[in-house]
Participant: 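Below is a structure I'd like to ask you about.
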Amino acid sequence: MQHDQPMTGIVLIPLVPVRTAPAETAEMCTQLLFGERVELLEVQERWIRIRNMTDQYEGWADRKMIHPLNEQEAGTLDQAQWKHVQIPACSCALNGTPVLLPGGSLIPFMNTVPCMPAGQTLLIDDTWVDEQPADTGRIVHLAQQYRQAPYLWGGKSVMGIDCSGFVQVVFAMCGIVLPRDASLQAGHGESIEGLDQAQAGDLAFFENAQGRIVHVGILLGPDRIIHASGQVKTERIDRQGIISAQTGMYTHRLSHIQRFMNRRP
């Protein structure tokens with residue numbers, strides 16, 4: 001990358017697919033939500049290798065989908081107050097055109113007014129970005145809004161989401177930054193001894209036959225979990241794992257439980 005090229009960018013469309021290689025046919029490993037900022041690591045004619053500035057996740061994005069920030073724009077955004085969209089999807093007006101933004105999208109504010117780069121304007125209902133105190137009840141409420149959202153590998157929106165993306169977006173809405181993948185999330189938080197010590201809002205992690213973390217969900221209590229598998233759904237859980245609501249069979253083997261916030265006051 002040349003020194004005179006912008007080093008950071010921002011997403012100004014609702015969703016950007018991020019791929020494992022610079023090709024449309026490459027696997028989608030994650031998505032960028034509106035307002036997420038990225039470092040520009042490598043610029044090609046069509047593709048940019050990016051690093052999400054929030055969770056440090058890397059991949060390739062279509063160059064047209066990332067707005068490069070100049071020094072002044074980046075400096076202004078550094079001073080802004082950032083708020084997350086608090087519902088699975090909200091309708092607003094971007095440059096006078098209706099647009100649907102996914103939950104977890106980031107909106108920069110300056111003096112209570114959206115502060116957009118490149119002369120962009122954004123009109124959004126304040127109630128949709130009104131962040132509430134982070135507690136277990138808030139986590140459960142936000143998670144349940146995503147029920148029946150279809151599973152999509154690499155997805156982070158209500159139109160398609162994977163297990164770790166679901167957890168990451170819900171916790172981000174409460175101001176808690178988690179890594180992108182379940183295997184990375186599993187190393188954070190406070191370890192909980194077992195389901196009998198668990199509470200709503202704790203994260204349960206699940207392993208494959210080789211002991212590798214491959215799944216995560218949000219506990220609704222010591223015997224219920226909400227997770228993305230086929231779709232976002234609520235199912236029973238015991239010390240062995242998740243019990244399918246359809247078949248009554250175990251579908252995921254429990255590894256351990258982590259806590260990221262205290263009980264509701």
Participant: Do the side chain of Glu42 and the main chain of Ile48 share a donor and acceptor less than 3.5 angstrom apart?
Facilitator: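 It does not hold such a pair.
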
Participant: Taking Asn70 for its side chain and Gln72 for its backbone only, find out whether a donor-acceptor pair lies under 3.5 Å.
Facilitator: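 Indeed, once roles are kept as given, a pair shorter than 3.5 Å links the two residues.
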
Participant: Strictly by modelled atom types, are Gln258 and Ser191 linked by a side-chain donor-acceptor pair under 3.5 Å?
Facilitator: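 Yes, because at least one side-chain N or O of Gln258 sits under 3.5 Å from a partner of the opposite role on Ser191.
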
Participant: Between the main-chain N or O of Lys156 and the side-chain N or O of Gln31, is there a donor-acceptor pair closer than 3.5 Å?
Facilitator: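 Looks like yes, one N/O pair under 3.5 Å.
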
Participant: Measuring from Leu15:CG to Leu100:CG, what's the distance to the nearest 0.5 Å?
Facilitator: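 If we round to the nearest 0.5 Å, Leu15:CG and Leu100:CG are 9.5 Å apart.
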
Participant: Does anything in residues 171-191 pair up under ring-ring contact (aromatic ring centres under 6.0 Å, His included), and if so which pairs, sequence neighbours excluded?
Facilitator: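 Sorted pair list: Phe171-Phe260.
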
Participant: Applying side chain to side chain contact (heavy atoms under 4.5 Å, CB included), can you list everything that pairs with Glu193, at least two apart in sequence or on another chain?
Facilitator: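 In terms of side chain to side chain contact (heavy atoms under 4.5 Å, CB included), with neighbours along the sequence ignored, Glu193 is linked to Gln197.
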
Participant: Any sub-3.5 Å donor-acceptor pair from Arg63's side-chain atoms to Gln44's backbone N or O?
Facilitator: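 Side chain of Arg63 to backbone of Gln44: a pair is present.
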
Participant: So do the side chains of Leu219 and Leu195 get within less than 4.5 Å of each other, counting heavy atoms only?
Facilitator: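 Yes, close enough: below the 4.5 Å cut-off.
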
Participant: Listed by chain and number, what are the salt bridge (charged side-chain N to carboxylate O under 4.0 Å, His left out) partners of Lys233, not counting sequence neighbours?
Facilitator: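 In terms of salt bridge (charged side-chain N to carboxylate O under 4.0 Å, His left out), with neighbours along the sequence ignored, Lys233 is linked to Glu235.
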
Participant: Measure from the side-chain N and O atoms of Glu73 to the backbone N and O of Ala118, and report whether any donor-acceptor pair falls under 3.5 Å.
Facilitator: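 Side chain of Glu73 to backbone of Ala118: a pair is present.
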
Participant: Report yes if the side chains of Met110 and Gln79 come closer than 4.5 Å at any heavy-atom pair, otherwise no.
Facilitator: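 When only atoms from C-beta onward are counted, Gln79 and Met110 do touch, with a gap below 4.5 Å.
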
Participant: Just by modelled atom types, is the Val129 backbone N or O under 3.5 Å from a matching donor or acceptor in the Asp126 side chain?
Facilitator: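 It does not hold such a pair.
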
Participant: Under the side-chain hydrogen bond (donor to acceptor under 3.5 Å, both in side chains) definition, can you give me all pairs with a residue in residues 88-117, not counting sequence neighbours?
Facilitator: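 Only Asn95-Gln120 qualify under side-chain hydrogen bond (donor to acceptor under 3.5 Å, both in side chains).
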
Participant: Show your working on side-chain contact (heavy atoms from CB on, under 4.5 Å) between Val216 and Phe166 and close with a plain yes or no.
Facilitator: CA-CA 9 Å; Val216 62; Phe166 168 58; over 6 Å; no

Participant: Assigning hydrophobic clusters by single linkage (Ile, Leu, Val, Met, Phe, Trp, Tyr; side-chain heavy-atom cutoff under 4.5 Å), is Ile176 placed with Ile218?
Facilitator: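 Yes, because Ile176 and Ile218 connect within a single hydrophobic cluster, where side-chain heavy atoms sit under 4.5 Å apart.
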
Participant: Mind checking whether Val11 and Leu33 have side chains closer than 4.5 Å, heavy atoms only?
Facilitator: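 Contact flag for Val11/Leu33 side chains = no.
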
Participant: To the nearest 0.5 angstrom, please state how far the CG atom of Asp181 sits from the OH atom of Tyr57.
Facilitator: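 Taking CG in Asp181 and OH in Tyr57, the distance rounds to 4.0 Å.
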
Participant: Whether Lys83 and Glu131 form a salt bridge (side-chain N of Lys/Arg under 4.0 Å from carboxylate O of Asp/Glu) is what I want to check.
Facilitator: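 No, no charged N to carboxylate O under 4.0 Å.
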
Participant: Hey, are Gln168 and Asp55 close enough side-chain-wise for a donor-acceptor pair under 3.5 Å?
Facilitator: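 Per modelled atom types, Asp55 and Gln168 side chains form a pair under 3.5 Å.
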
Participant: For Ala228, is there any backbone N or O sitting under 3.5 Å from a side-chain donor or acceptor partner on Gln231?
Facilitator: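 Not at all, since once roles are kept as given, no pair shorter than 3.5 Å links the two residues.
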
Participant: Asn52 side chain to Gln56 main-chain N or O, any donor-acceptor pair under 3.5 Å?
Facilitator: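 No, because the side chain of Asn52 does not come within donor-acceptor range (under 3.5 Å) of the backbone of Gln56.
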
Participant: Got a sec, which pairs hit ring-ring contact (aromatic ring centres under 6.0 Å, His included) with one end in residues 225-250, sequence neighbours left out?
Facilitator: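 Listed once each, the pairs are His215-His227, His227-His252.
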
Participant: Output all residues satisfying salt bridge (charged side-chain N to carboxylate O under 4.0 Å, His left out) with Glu39, sequence neighbours left out; order by chain, then residue number.
Facilitator: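 Expected list: Arg51.
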
Participant: Asp78: which residues meet the salt bridge (charged side-chain N to carboxylate O under 4.0 Å, His left out) condition with it, sequence neighbours left out?
Facilitator: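 By the salt bridge (charged side-chain N to carboxylate O under 4.0 Å, His left out) rule, Asp78 matches Arg37.
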
Participant: Go through Val18 and Leu32 one step at a time and tell me if the side-chain contact (heavy atoms from CB on, under 4.5 Å) criterion holds.
Facilitator: CA-CA 7 Å; Val18 178; Leu32 296 170; 3.6 Å; yes

Participant: Is the CE atom of Met28 crowded by more than 12 outside heavy atoms at less than 6.0 Å?
Facilitator: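 Yes, enclosed.
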
Participant: Is there a side-chain contact between Phe34 and Val99, using heavy atoms and a 4.5 Å cut-off?
Facilitator: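 In short, these two side chains do not touch, never coming nearer than 4.5 Å.
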
Participant: Tell me every residue that passes side chain to side chain donor-acceptor pair (under 3.5 Å) with Thr127, counting only those two or more places apart in sequence or in another chain.
Facilitator: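 Side chain to side chain donor-acceptor pair (under 3.5 Å) check on Thr127 returns Asp125.
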
Participant: Answer yes if Ile192 and Leu220 sit in the same cluster of Ile, Leu, Val, Met, Phe, Trp and Tyr residues linked by side chain heavy atoms under 4.5 Å apart, and no otherwise.
Facilitator: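 No.
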
Participant: Given the rule in the side-chain contact (heavy atoms from CB on, under 4.5 Å) test, do Val214 and Glu207 qualify, once you have shown the distances and angles that lead to the verdict?
Facilitator: CA-CA 5 Å; Val214 294; Glu207 61 187 13; 5.7 Å; no

Participant: Using 0.5 Å steps for rounding, measure from the CD atom of Gln199 to the CD1 atom of Ile257.
Facilitator: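 Output value for this atom pair is 10.5 Å.
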
Participant: What distance separates Ile225 CD1 from Ile242 CD1, expressed to the nearest 0.5 Å?
Facilitator: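 So the CD1 of Ile225 and the CD1 of Ile242 are separated by 4.0 Å.
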
Participant: Would you find a donor on one side and an acceptor on the other, under 3.5 Å apart, between the side chain of Asp223 and the backbone of Ile237?
Facilitator: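 Pair absent, no side-chain N/O of Asp223 close to backbone of Ile237.
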
Participant: Run the side chain to side chain contact (heavy atoms under 4.5 Å, CB included) test against Pro222 and tell me which residues pass, sequence neighbours left out.
Facilitator: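 In terms of side chain to side chain contact (heavy atoms under 4.5 Å, CB included), with neighbours along the sequence ignored, Pro222 is linked to no residue.
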
Participant: Listed by chain and number, what are the side chain to side chain contact (heavy atoms under 4.5 Å, CB included) partners of Pro114, not counting sequence neighbours?
Facilitator: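 Pro114: side chain to side chain contact (heavy atoms under 4.5 Å, CB included) contacts with Ile107, Phe109, Leu122, Ile124.
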
Participant: Find out whether Glu36 and Leu106 are in side-chain contact, i.e. whether some heavy atom of one side chain is under 4.5 Å from a heavy atom of the other.
Facilitator: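 Yes. Closest side-chain heavy atoms under 4.5 Å.
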
Participant: Could you tell me which residues satisfy ring pair (Phe, Tyr, Trp, His ring centres under 6.0 Å) with Phe205, sequence neighbours excluded, listed by chain and number?
Facilitator: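 So Phe205 forms a ring pair (Phe, Tyr, Trp, His ring centres under 6.0 Å) with His256.
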
Participant: A side-chain contact here means heavy atoms from C-beta on lying under 4.5 Å apart; do Ile66 and Val38 qualify?
Facilitator: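 Counting from C-beta outward, Ile66 and Val38 do come under 4.5 Å.
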
Participant: Quick one, Tyr146 and Ile161 - any side-chain contact, counting heavy atoms below 4.5 Å?
Facilitator: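 Touching, per the 4.5 Å side-chain cut-off.
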
Participant: Please walk me through it: do Arg224 and Thr234 pass side-chain contact (heavy atoms from CB on, under 4.5 Å)?
Facilitator: CA-CA 7 Å; Arg224 303 290 290 176; Thr234 301; 3.4 Å; yes

Participant: How would you list all residue pairs meeting side-chain hydrogen bond (donor to acceptor under 3.5 Å, both in side chains) that involve residues 21-30, not counting sequence neighbours?
Facilitator: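 Checked against side-chain hydrogen bond (donor to acceptor under 3.5 Å, both in side chains) - neighbours excluded - the pairs reaching residues 21-30 are Glu24-Arg46, Thr30-Arg180.
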
Participant: Within the side chain of Trp128, is there an N or O that forms a donor-acceptor pair under 3.5 Å with the backbone of Ala89?
Facilitator: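 Not at all, since once roles are kept as given, no pair shorter than 3.5 Å links the two residues.
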
Participant: Are the side chains of Arg253 and Asn208 in touch, meaning some heavy atoms are under 4.5 Å apart?
Facilitator: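 Not touching, per the 4.5 Å side-chain cut-off.
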
